[in-house]
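If you're wondering where the values come from, they're calculated on a predicted model, not measured in any experiment. A note on names: the letters A, B, ... follow the listed sequences, proteins ahead of strands, and every chain is numbered from 1.
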Amino acid sequence: MELTHKDVNGTRLIEAQGDRLDAAVAIRFKDDMRILTGDGPERIVLDMKNVEFLDSSGLGAVVAAMKQAGPARRLELAGLTPTVEKVFSLTRMDTVFTIHDSAESALGAGHMQAS
Amino acid sequence: MQYSMRLGESGMADNLSLSLDANEMALRASLKQVRDYLAACGFSESFLGNVEIVLAEAVNNVIEHAYAEMPDGRIDMRLERTDTGIVIFLEDEGVEMPGGVAPAGRPHDLDVDVDNLPEGGFGWFLIRTLTDRLEFSRIGKRNRLCMHMQANQSAS
């Protein structure tokens, strides 16, 4: 699961490139997220549009990524595909995260808050 | 024994049997086969997602717990079509489920500080939520988990 990133208008946009965030890659994902969220903008958006499947290990890794980003940074999510969204809603983790339809709308929302 | 095989309109066989090594990459490959089979049977994309979640959680539990000390374990997976959905059988030769019963899978309390949010323990909750009936049994040295899933289940 490769992660790419760019900073846009004060937001770090991280895009998950793999199609599965599961037990096979959860620990690696968490470690990579630690590196990408350790510096840079306070607002972080994880674009999950390419992730077609997420299991409870992957869900735990996303929660861990939010926790390790620390109180000074906030992790938001964007682009949840149907099965991923289902795992978030069934576990009610969709009430814990700010979730945007897409990276584009997430960046738009960030821009409006800033202005 | 009925040998009609109930080849539905899709012409697919009425069951799919797989045997896999107890590791995450073998699980990925098996889930793809299951998806392809269920799609060819004509089940909805939403149902495919539900089955994939249930199987991933159940098999991950076997890998991480039943076979924790046995990295070369095998898992037998069988899906049988019914008129309204599927029945899943999972068998392994690992350690018995603690207490001999499948966990209740209660939801977490998420009304906590961020630092105290749970990072695990969702698996059995997801399995229980997405299945209509579930039976665990220990037969000799084998664990057997049987799960019924209705295709028209409305769990979002």
Side-chain angles (χ1 to χ4, degrees), chain A residues 1 18-31 33-34 37 42-44 46 48 51-77 80-99, chain B residues 21-32 34-35 38 44-65 67 103 105-131 153-156:
Chain A
M1 163 75 71
D19 62 352
R20 302 182 74 83
L21 180 42
D22 60 12
V25 297
I27 292 173
R28 174 74 189 277
F29 168 84
K30 183 176 154 183
D31 290 344
M33 283 294 287
R34 188 194 308 275
T37 60
E42 288 179 7
R43 182 171 185 247
I44 302 152
L46 175 64
M48 301 181 72
V51 181
E52 292 170 8
F53 183 74
L54 166 134
D55 66 7
S56 62
S57 299
L59 178 66
V62 175
V63 174
M66 176 166 70
K67 289 158 85 166
Q68 72 193 7
R73 291 190 168 80
R74 59 199 167 100
L75 174 64
E76 302 174 13
L77 307 177
L80 272 56
T81 60
T83 302
V84 174
E85 184 176 35
K86 187 176 298 182
V87 172
F88 272 88
S89 63
L90 288 175
T91 58
R92 295 197 306 114
M93 277 295 173
D94 59 344
T95 65
V96 171
F97 288 88
T98 299
I99 300 175
Chain B
D21 291 328
N23 65 62
E24 285 109 357
M25 297 318 286
L27 170 59
R28 277 189 178 187
S30 297
L31 289 177
K32 178 161 190 343
V34 169
R35 282 190 66 90
L38 293 176
S44 70
E45 182 61 33
S46 174
F47 185 64
L48 265 58
N50 291 356
V51 174
E52 191 167 12
I53 293 167
V54 165
L55 277 174
E57 299 302 337
V59 172
N60 275 328
N61 283 336
V62 172
I63 295 170
E64 292 169 18
H65 300 294
Y67 281 139
R106 296 198 170 81
H108 285 295
D109 177 12
L110 300 183
D111 192 17
V112 297
D113 292 339
V114 168
D115 283 344
N116 292 321
L117 284 172
E119 295 176 31
F122 308 105
W124 277 105
F125 171 75
L126 289 168
I127 293 170
R128 294 279 190 187
T129 303
L130 293 172
T131 55
Q153 192 191 41
S154 58
S156 53

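Taking all atoms of both residues into account, the shortest heavy-atom contact from Met93(A) to Pro118(B) is CE-O, 3.8 Å. Considering all non-hydrogen atoms of both residues, Ala23(A) and Glu64(B) come closest at CB-OE2, 4.4 Å. The nearest pair of heavy atoms linking Thr91(A) to Phe122(B) is CG2-CD2, 4.0 Å.
Residues Leu126(B) and Asp55(A) fail the side-chain proximity criterion, which asks for heavy atoms closer than 4.5 Å. The shortest distance between side-chain heavy atoms of Ser57(A) and Glu24(B) does not fall below 4.5 Å. Put simply, the side chain of Arg28(B) reaches to within 4.5 Å of the side chain of Val25(A), judged on heavy atoms.
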**Request:** I would like to know whether Ile53(B) and Thr83(A) meet side chain to side chain contact (heavy atoms under 4.5 Å, CB included); could you show each step before the answer?
**Result:** CA-CA 8 Å; Ile53(B) 293 167; Thr83(A) 302; 3.8 Å; yes
**Message:** Show, in sequence, the C-alpha distance, side-chain angles and deciding distance for Val114(B) and Met66(A), and conclude whether the side chain to side chain contact (heavy atoms under 4.5 Å, CB included) test is met.
**Reply:** CA-CA 8 Å; Val114(B) 168; Met66(A) 176 166 70; 4.2 Å; yes
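Within a 6.0 Å sphere centred on CG of Asp111(B), heavy atoms belonging to other residues, nucleotides or ligands number 12 at most. Leu110(B) CG: more than 12 foreign heavy atoms inside a 6.0 Å radius.
Here Ile127(B) contributes atom CD1 and Ser56(A) contributes atom OG; the two are 8.0 Å apart, rounded to the nearest 0.5 Å.
Both the backbone and the side chain of Leu117(B) come within less than 4.5 Å of a heavy atom in chain A. Heavy atoms of Leu31(B) lying under 4.5 Å from chain A belong exclusively to its side chain.
Annotation: salt bridge (Lys or Arg N to Asp or Glu O under 4.0 Å) contacts involving residues 45-58 of chain B, sequence neighbours excluded, comprise Arg20(A)-Glu52(B), Arg35(B)-Glu45(B), Arg35(B)-Glu52(B). Pairs of residues two or more places apart, or lying in two chains, that qualify as salt bridge (Lys or Arg N to Asp or Glu O under 4.0 Å) and include a residue from residues 58-72 of chain A are Lys67(A)-Glu119(B).
Chain B forms the most heavy-atom pairs under 4.5 Å with one residue out of Val87(A), Val62(A), Asp22(A), and that residue is Asp22(A).
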